[in-house]
> 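A single structure is presented below for examination.
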Amino acid sequence: MPELPEVETVRRGLNKMIIGQKITAIDILYDKIIVGDVDTFKEQLIDATIAYVGRRAKYLLFNFDNGLTMISHLRMEGKYQVRSKISDFDKHVHIIFHLSNGEYLGYRDVRKFGRMQLVDTNDVTKVKSIALLGPEPLTPEFTYQSLLEGLKSTRKTVKATLLDQHVVSGLGNIYADEVLWLAKVHPEQPANELTTQQVKDLHNGINEDIKKAIDAGGTTIRSYVDATGHSGEFQFQLNVYGRQGKPCKRCETIIEKIKVAGRGTHFCPHCQVLQS
DNA sequence: GGAGGTGTTAGTCA
DNA sequence: CTGACTAACACCTC
């Protein structure tokens with residue numbers, strides 16, 4: 001799925017394309033995407049107008065003018081597409097919002113992992129998955145101190161901890177690997193054993209890498225495309241993700257791929273040494 | 001053809 | 001409580 005930079009890119013694209021559009025009808029072709037009652041979901045959104053698309057970590061927040069917000073998580077490979085004809089959507093488009101300008105907003109998700117939930121706008125921050133999120137990069141709440149506390153409080157590997165959305169939110173498998181490479185930290189290092197300098201390097205690396213990725217419009221590995229149909233450009237700047245068998249960009253050592261926290265993990269065995 | 005991997009997270013189990 | 005593992009699903013690559 002899209003991580004924070006990709007979701008932010010989608011958010012910006014949607015805000016350019018669908019603000020002010022009223023929902024005139026909704027086709028739900030696969031019920032499990034919708035959290036809660038499908039008929040209620042439809043009824044509450046018909047005739048509602050999209051006021052603004054916000055974001056919290058990897059969650060998109062579609063704010064409507066009737067006091068409701070649709071929380072949308074793309075999970076592994078969900079994406080939004082705007083098309084002028086329903087026949088322009090393929091079989092993996094499971095939800096179709098009919099817009100008042102005659103266009104259609106489709107939600108495409110090959111693996112069907114994504115979820116949409118409608119809640120009162122005032123209650124968004126009370127929804128458990130959102131309420132428990134840690135601070136996100138590039139905000140005042142994401143401080144060196146907050147990261148230090150999150151890392152010190154667990155014996156998990158640092159990679160697993162960076163993926164834990166309660167410590168810092170918005171990072172996924174790509175940026176976790178990238179940030180660990182930037183900070184020269186081994187992915188399997190226990191989080192509570194990191195040095196002060198390593199935590200500082202991670203904090204800076206997270207902010208810098210996420211900012212760069214947002215500026216580049218996110219990463220496109222396989223099929224991810226933003227709402228306007230453009231690919232992100234950040235994959236050209238990836239330093240380790242997907243580069244197993246290739247030379248490290250710093251020291252030429254061959255990048256290795258192992259499994260950490262159940263996820264494919266790329267690192268340089270020379271730059272990122274396990275401390276004991 | 002079959003096994004194993006894929007950008008996530010919620011739930012289960014020890 | 002914490003940490004490890006798995007399911008949810010369809011497709012792609014070896």
Side-chain angles (χ1 to χ4, degrees), chain A residues 1-11 29-36 55-60 71-80 90-95 107-117 127-134 136 150-180 187-193 209-210 213-214 216-226 231-245 256-266:
Chain A
M1 127 60 201
E3 305 178 37
L4 191 158
E6 291 74 46
V7 178
E8 174 61 15
T9 303
V10 172
R11 187 192 73 76
L29 281 22
Y30 184 76
D31 287 358
K32 287 173 71 177
I33 303 275
I34 309 296
V35 176
R55 181 184 61 75
R56 173 73 173 97
K58 304 177 195 174
Y59 294 85
L60 285 167
I71 303 172
S72 167
H73 199 300
L74 308 172
R75 292 285 186 100
M76 292 294 265
E77 44 184 293
K79 51 191 67 75
Y80 283 97
D90 72 8
K91 65 173 179 177
H92 298 298
V93 173
H94 309 301
I95 317 282
Y107 175 71
R108 182 172 191 271
D109 190 344
V110 172
R111 296 178 69 186
K112 301 176 174 173
F113 287 174
R115 293 292 178 266
M116 298 177 191
Q117 181 179 10
V127 174
K128 192 176 289 180
S129 53
I130 303 245
L132 298 177
L133 289 172
E136 61 181 89
L151 292 168
K152 285 295 177 195
S153 66
T154 178
R155 302 181 313 195
K156 280 188 297 192
T157 62
V158 60
K159 164 127 183 188
T161 311
L162 291 179
L163 292 174
D164 180 349
Q165 303 295 301
H166 307 125
V167 174
V168 50
S169 61
L171 296 185
N173 205 35
I174 295 178
Y175 296 106
D177 280 5
E178 292 295 312
V179 157
L180 288 166
E188 290 180 300
Q189 192 75 41
N192 59 1
E193 290 178 8
D209 211 46
I210 292 294
I214 291 174
T219 299
T220 307
I221 297 294
R222 270 205 301 278
S223 54
Y224 167 77
V225 178
D226 74 16
S231 303
E233 301 291 331
F234 193 71
Q235 66 271 27
F236 303 119
Q237 296 180 50
L238 294 177
N239 290 306
V240 274
Y241 187 87
R243 296 195 71 250
Q244 64 273 23
E256 290 183 11
K257 181 176 180 185
I258 58 175
K259 186 157 279 209
V260 181
R263 314 292 302 277
T265 298
H266 316 72

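Every chain is numbered from 1, with letters handed out A, B, ... down the list of sequences.
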> Using a cut-off of less than 4.0 Å, is there contact between a side-chain N or O of Y175(A) and OP1 or OP2 of dG7(B)?
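Answer no for this pair, as no side-chain N or O of Y175(A) is under 4.0 Å from OP1 or OP2.
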
> When the C1' atoms of dG7(B) and dG3(C) are compared, how many Å lie between them, rounded to an integer?
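Comparing C1' positions in dG3(C) and dG7(B) gives a spacing of 23 Å.
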
> Where does the angle between the aromatic ring planes of Y59(A) and H73(A) fall among parallel (under 30°), tilted (30 to 60°) and perpendicular (over 60°)?
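Perpendicular, since the angle between the ring planes exceeds 60°.
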
> Report yes or no: does S169(A) contribute a side-chain atom to a donor-acceptor pair with the main-chain N or O of G134(A) at less than 3.5 Å?
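The answer is yes, because a donor-acceptor pair under 3.5 Å joins these two groups.
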
> Answer yes or no: does a side-chain N or O of Q165(A) lie under 4.0 Å from OP1 or OP2 of dT9(B)?
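Result: yes.
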
> Between dG1(B) and dC9(C), how many Å separate the two P atoms, rounded to a whole number?
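Their P atoms lie roughly 23 Å apart.
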
> How long is the line joining CD of E6(A) and P of dG7(B), in whole Å?
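Going from CD in E6(A) over to P in dG7(B) covers 12 Å.
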
> Applying a 4.0 Å non-hydrogen cut-off, can you work out what G172(A) is touching in the nucleic acid: base, sugar-phosphate, or nothing?
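It contacts sugar-phosphate atoms only.
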
> Hey, is K159(A) close enough to D177(A) for a salt bridge, meaning N to O under 4.0 Å?
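D177(A) and K159(A): salt-bridged.
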
> Using side-chain heavy atoms (C-beta onward) and a distance below 4.5 Å, is E6(A) in contact with V10(A)?
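No, every pair of side-chain atoms sits at 4.5 Å or beyond.
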
> Considering only heavy atoms from C-beta outward, does the side chain of H94(A) approach that of R108(A) to under 4.5 Å?
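They are not in contact (no side-chain heavy atoms under 4.5 Å apart), so the answer is no.
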
> Whether R111(A) contacts dT8(B) is assessed here as follows: a side-chain N or O lying under 4.0 Å from the phosphate OP1 or OP2. Is that the case?
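The answer is no; no side-chain N or O of R111(A) sits under 4.0 Å from OP1 or OP2.
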
> Mind calculating the distance between NZ (K58(A)) and P (dT9(B)) to the nearest angstrom?
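Taking NZ of K58(A) and P of dT9(B), I get 4 Å after rounding.
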
> Regarding R55(A) and E136(A), does a basic nitrogen lie under 4.0 Å from an acidic carboxylate oxygen?
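Salt bridge flag = yes for E136(A) with R55(A).
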
> What's K91(A) touching, base or sugar-phosphate or nothing? Going by heavy atoms closer than 4.0 Å.
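Sugar-phosphate contact only.
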
> Tell me the interatomic distance from F113(A), atom CZ, to dG5(B), atom P, rounded to whole angstroms.
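Atom CZ in F113(A) sits about 15 Å away from atom P in dG5(B).
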
> What is the distance from CG of L163(A) to P of dG7(B), rounded to the nearest Å?
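Going from L163(A) (CG) to dG7(B) (P), I get 10 Å.
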
> Could you state the atom-to-atom distance from CD1 of I33(A) to C1' of dT9(B) in whole Å?
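Taking atom C1' of dT9(B) as the reference, CD1 of I33(A) is at 14 Å.
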
> Partner of dC9(C) by Watson-Crick or G-U wobble geometry, both contacts under 3.5 Å, or none?
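Checking every strand shown, dC9(C) finds no partner, since no pair has both distances under 3.5 Å.
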
> With a 4.0 Å cut-off on heavy atoms, is R115(A) in touch with a base, just the backbone sugar-phosphate, or nothing at all?
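Answer is nothing: R115(A) stays at 4.0 Å or more from every strand.
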
> What is the base-pairing partner of dG7(B), counting Watson-Crick and G-U wobble geometry with both distances under 3.5 Å?
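With both distances under 3.5 Å required, dG7(B) matches none.
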
> For K259(A) and Y59(A), take the nucleotide of DNA chain B holding the closest heavy atom to each; which residue's nucleotide lies nearer the 5' end?
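Looking at DNA chain B, the more 5' nearest nucleotide goes with K259(A).
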
> Can you tell me if T154(A) touches the phosphate of dG3(C), counting only side-chain N or O atoms and a distance under 4.0 Å to OP1 or OP2?
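Result: yes.
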
> Identify which nucleotide among dG5(B), dT8(B), dA10(C) has an atom closest to any side-chain atom of K257(A), counting heavy atoms from C-beta outward.
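The answer is dG5(B).
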
> Give the rounded distance in Å between these two atoms: CD of Q244(A) and P of dT13(C).
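So the two atoms are 14 Å apart, to the nearest Å.
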
> Hey, does the side chain of K112(A) come within less than 4.0 Å of dA10(C)'s phosphate (OP1/OP2), counting only N and O?
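Yes, K112(A) has a side-chain N/O under 4.0 Å of OP1/OP2 on dA10(C).
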
> Which nucleotide in the list dT8(B), dG7(B), dA10(C) gets nearest to the side chain of H92(A)?
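Output: dA10(C).
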
> Check whether NZ of the Lys or CZ of the Arg K112(A) lies under 6.0 Å from the centre of the six-membered ring of Y30(A) and within 45 degrees of that ring's axis.
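Judged by the rule, K112(A) and Y30(A) form a cation-pi pair.
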
> Should K156(A) be listed as having a side-chain N or O under 4.0 Å from OP1 or OP2 of dT2(C)?
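Result: no.
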
> Round to the nearest Å and state the distance from L4(A) atom CG to dT9(B) atom P.
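Rounding to the nearest Å, CG of L4(A) and P of dT9(B) are 11 Å apart.
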
> Checking all strands, does G114(A) fall into the base, sugar-phosphate, or nothing category for heavy-atom contacts under 4.0 angstrom?
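Since no nucleic acid heavy atom lies under 4.0 Å of G114(A), the category is nothing.
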
> Just how far, in rounded Å, is P of dA8(C) from CD of E77(A)?
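So the two atoms are 17 Å apart, to the nearest Å.
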
> For dG7(B), does OP1 or OP2 lie under 4.0 Å from any side-chain N or O of K79(A)?
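So the side chain of K79(A) is outside the cut-off, no N or O lying under 4.0 Å from OP1 or OP2 of dG7(B).
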
> OP1 or OP2 of dA10(B) versus the side-chain N and O atoms of H73(A): is any pair under 4.0 Å?
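No, because none of the side-chain N or O atoms of H73(A) sits under 4.0 Å from OP1 or OP2 of dA10(B).
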
